[in-house]
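Here's the structure, in structure tokens; my notes come after.
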There are 2 protein chains.
Amino acid sequence: MAATIKDIAKLAGVSTATVSRVLAHKTAFFSAATAQKVQAAAATLGYQKNTAAAELVTRQSHVIAAVVNSTKTNFASQIIEGIQAEAHRHDLNVIILYAGDADAEQQRRALMTVIERPVMGILLLSVDLAAENLTLLQQSQLPYCFLSISFDGERLPYITSDDWQVGYLATQALLDQGHRRIGLAGVDSDFHTGRLRVLGYTQALKNAGITAAPDWIQLGNYSYAAGQTAMRAYGAKTSLTAVVGASDMAAIGVMNQARDLGLAVPTDLSIIAIDGTELCSLVQPSLTSVSQNFYEMGIAGVQQLRAKEALPQKITPIQLVNRQSVRRLNGDRK
Amino acid sequence: MAATIKDIAKLAGVSTATVSRVLAHKTAFFSAATAQKVQAAAATLGYQKNTAAAELVTRQSHVIAAVVNSTKTNFASQIIEGIQAEAHRHDLNVIILYAGDADAEQQRRALMTVIERPVMGILLLSVDLAAENLTLLQQSQLPYCFLSISFDGERLPYITSDDWQVGYLATQALLDQGHRRIGLAGVDSDFHTGRLRVLGYTQALKNAGITAAPDWIQLGNYSYAAGQTAMRAYGAKTSLTAVVGASDMAAIGVMNQARDLGLAVPTDLSIIAIDGTELCSLVQPSLTSVSQNFYEMGIAGVQQLRAKEALPQKITPIQLVNRQSVRRLNGDRK
DNA sequence: GCACTTTACACAAACGTTTACAATAGCTTT
DNA sequence: AAAGCTATTGTAAACGTTTGTGTAAAGTGC
């Protein structure tokens, strides 16, 4: 139905080879006159290139696939904007795939969709790949890089913040404001990221001569619900004066639950969030945060894919952003 | 580098035709014995199918492209989940493309990425296509459907809520609670969607014998900032007792700005949001909303693409969800 | 006017699949 | 035992491109 270069060739009275060269702007391969004819023919036929066919013969693709896990937290869009920006600079296209939350089967489908087609590389945003799917990915021989997630033993390529620093910096910020009883809410301890944040948190406290009571750390999956649950566990008469939320969502969960328990933020309880997405400034009071540089992660991810030699890991900077959810503690409360 | 069916054919000692048939499970075309051999060969070679090549000859694709505009508001993920669910039911894959906000060039790139490749159809989520890009889309001959956006004159296929009803229902809900001075904040009047909402709003007031003062309607682009700006325009001593936010984001903008102006929600000002995404329950007080059924839009969109005969438009239901941001007005305030 | 280079184009193979058609072998019928 | 099936497999064309090689015509230098 749709016009092909064959149709153009016929209409312009040249060979398909010439058409291809003209359309690809391979100058010094054709005269201005034929270029004219070809362009005209293409225009009247409403020609649309079939890039898939072209990629088949050139054996190279210009599309980057970004695989995201369904957004329990919401930083993905910032990473994607970074990816888009850098991709555009190098004339690459970006397609995005949803891989669901923890459903290995859905992950597999997303992965297959891109592996079976020509893509130049795969970026995985905070997706914790099931073992069999990781094998799939590696078998595909395609360049790939994990973003905003880290791994312990295996030497997988990833780009993320220094999660130990994240935990440390958040905790230290609260210590600096005079807090000494500090919780950590909604963090996950099954994966490397969460474990590192806990370690950073613990170390900061230790440096200040404080030992975290076991119930100060409430585990969870970084979600809003996890934050709520954690705060419910702390209770209305908690001895804590501050809480580190494992993510923006978790911090909001903590904050809303605290309010429901009759605790005002930051008067009765200070909160600091980890991530620093736009959500932090949407809520009231706005949330002080340890902000990750998601945009740069996206950029670095694309660069990683383009690089011949993969240097396997990279750390992006973090930054404390002061907003309204942390109160300076002068004397002792309680 | 990667193994092809040719390699499998050689290893298994059969023709590529047979390999293809075995791998495609075209039963009754081969014996169990050869199937065995082929499968084994495929496994040892780590064969990955090149679907692009297959799609080239079969001239049909199993992927649906969803084009989203960068998320100023955030309902896209719900629509996408609907798309995914329905697509999965029919063995279709989904890829997502970012088309930016209002940058025609970025739109074009996103569109081209999919038009030039084999896709079975295109879903456009709330993207307001530049005229030249619409032409591009239509030239491609691909099935397409707009979601969560409507058009006036042109007969384009779209699926969305009844925007007049949305405006009407939100306003009526406030009238039912005794409000009579009601603003509309952050709505856009350049496009059909916004105009319809304004009309519904105006009609509801009119039915109650109220004429909206010109400054009750504050135009904007549905964003958080638009909500803030609107509220700033109303001012601290506004005579309004309630405001309809044009989107969840806009409503939050109104609410936070109101608080900054010293107005408590809902005590001093009631707010109702349009969209009803999860954001509504994240903020405090949670936002009463006219909720759209985004998930169903996604489902309907996929069905539309699959349908032979396109019935061009479809309306999905809406629903009032009561939360905490609307106060019942008994006597008159002011 | 010869040898040589350049310019401008066409031919045809290749990319990795699917599938219509042909071909072979073994059975069944008669 | 000839004819006709059926089951299984192979051959080769096709999808829409790109690109190496070939070649005729035109231009250049002597």
Side-chain angles (χ1 to χ4, degrees), chain A residues 1-39 41-42 45-63 112 115-120 140-142, chain B residues 1-39 41-42 45-63 112 115-120 140-142:
Chain A
M1 190 92 291
T4 73
I5 55 169
K6 257 181 218 168
D7 302 320
I8 298 182
K10 198 175 298 178
L11 183 57
V14 296
S15 73
T16 61
T18 303
V19 174
S20 173
R21 290 182 177 121
V22 170
L23 262 26
H25 301 108
K26 290 228 189 307
T27 33
F29 270 105
F30 51 82
S31 68
T34 46
Q36 273 296 332
K37 282 191 300 184
V38 170
Q39 298 286 8
L45 291 175
Y47 171 72
Q48 273 301 337
K49 174 169 171 169
N50 182 334
T51 301
E55 288 172 338
L56 186 57
V57 21
T58 62
R59 306 158 132 287
Q60 58 159 310
S61 165
H62 285 143
V63 355
M112 275 311 201
I115 289 180
E116 287 186 351
R117 279 162 240 269
V119 300
M120 74 139 285
S140 77
Q141 310 267 34
L142 290 168
Chain B
M1 192 92 289
T4 73
I5 55 169
K6 259 181 217 169
D7 302 320
I8 298 182
K10 198 176 298 177
L11 184 56
V14 297
S15 72
T16 61
T18 302
V19 174
S20 174
R21 291 194 265 251
V22 170
L23 261 27
H25 300 109
K26 292 230 188 303
T27 31
F29 269 106
F30 51 82
S31 68
T34 47
Q36 273 296 332
K37 282 190 300 180
V38 170
Q39 298 285 10
L45 291 175
Y47 172 71
Q48 272 301 336
K49 173 170 173 170
N50 183 333
T51 301
E55 287 171 338
L56 185 57
V57 21
T58 61
R59 304 161 134 286
Q60 58 159 311
S61 165
H62 285 143
V63 355
M112 274 311 200
I115 290 180
E116 287 186 351
R117 279 161 240 270
V119 300
M120 76 139 287
S140 76
Q141 311 267 32
L142 290 168

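Since this is a predicted model, take the numbers as computed values, not measurements. Every chain is numbered from 1, with letters handed out A, B, ... down the list of sequences.
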Distance-minimising heavy-atom pair for [X] and [Y]:
X	Y	value
B:Ala12	B:Lys37	O-NZ, 3.7 Å
B:Thr16	B:Ala9	N-CB, 3.8 Å
B:Phe30	B:Arg21	CE2-O, 3.6 Å

Would you say the side chain of A:Ile8 lies within less than 4.5 Å of the side chain of A:Val22, judging by non-hydrogen atoms?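 No. Closest side-chain heavy atoms not under 4.5 Å.
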Just call it for [X]: base, sugar-phosphate, or nothing, with non-hydrogen atoms closer than 4.0 Å on any strand.
X	value
A:Ala54	sugar-phosphate
A:Thr34	sugar-phosphate
A:Thr4	sugar-phosphate

Using a cut-off of under 3.5 Å, enumerate the N/O to N/O pairs linking the protein to nucleotides 10-12 of chain D.
residue : atom : partner : partner atom : Å
D:dG10  : OP2  : B:Ser15 : N            : 2.7
D:dG10  : OP2  : B:Ser15 : OG           : 3.0
D:dG10  : OP2  : B:Thr18 : OG1          : 2.9
D:dG10  : N7   : B:Arg21 : NH2          : 3.0
D:dG10  : O6   : B:Arg21 : NH1          : 3.4
D:dG10  : O6   : B:Arg21 : NH2          : 2.8

Return the nearest nucleotide to the side chain of [X]; candidates are [options].
X	options	result
A:Ile5	C:dG16, C:dT18, D:dT17	D:dT17
A:Thr58	C:dT18, C:dT17, D:dT18	D:dT18
A:Phe30	C:dC9, C:dT18, D:dT17	C:dC9
B:Arg59	D:dT17, C:dG16, D:dC15	D:dC15

I need the [atom1]-[atom2] distance between [X] and [N], as an integer number of Å.
X	N	atom1	atom2	result
A:Arg117	C:dG16	CZ	P	17 Å
A:Gln48	D:dC15	CD	P	19 Å
A:Gln36	C:dA8	CD	P	15 Å
B:Leu56	D:dC15	CG	P	9 Å
B:Glu55	D:dT17	CD	C1'	16 Å
A:Phe29	C:dC9	CZ	C1'	11 Å
B:Asn50	C:dC15	CG	P	12 Å
B:Tyr47	C:dG16	OH	P	10 Å

In Å and rounded to the nearest 0.5 Å, what is the CD1 to NZ distance from B:Ile5 to B:Lys10?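 One finds 12.5 Å between CD1 of B:Ile5 and NZ of B:Lys10.
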In Å, rounded to the nearest 0.5 Å, how long is the span from NZ of A:Lys6 to OG1 of A:Thr4?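 Output value for this atom pair is 6.0 Å.
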Apply side chain to side chain donor-acceptor pair (under 3.5 Å) to [X] and list each qualifying residue two or more places apart in sequence or on a separate chain.
X	answer
B:Ser140	none
B:Thr51	A:Glu116
B:Ser20	none

Test of understanding: with side-chain contact (heavy atoms from CB on, under 4.5 Å), list the residues that count as partners of A:Ser15, not counting sequence neighbours.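 Only A:Ala17, A:Thr18 meet the side-chain contact (heavy atoms from CB on, under 4.5 Å) criterion with A:Ser15.
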For D:dT19, does either OP1 or OP2 sit under 4.0 Å from a side-chain N or O belonging to A:Lys26?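 Checking A:Lys26 against D:dT19: at least one side-chain N or O falls below 4.0 Å of OP1 or OP2.
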OP1 or OP2 of C:dC9 sitting under 4.0 Å from any side-chain N/O of A:Ser31?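 Checking C:dC9 against A:Ser31, a side-chain N or O does come within under 4.0 Å of OP1 or OP2.
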Between the two ends of the helix from C:dG1-D:dC30 to C:dT30-D:dA1, what is the bend in degrees, rounded to 10 degrees, where each end axis spans five pairs?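 About 40° separates the two local helix axes.
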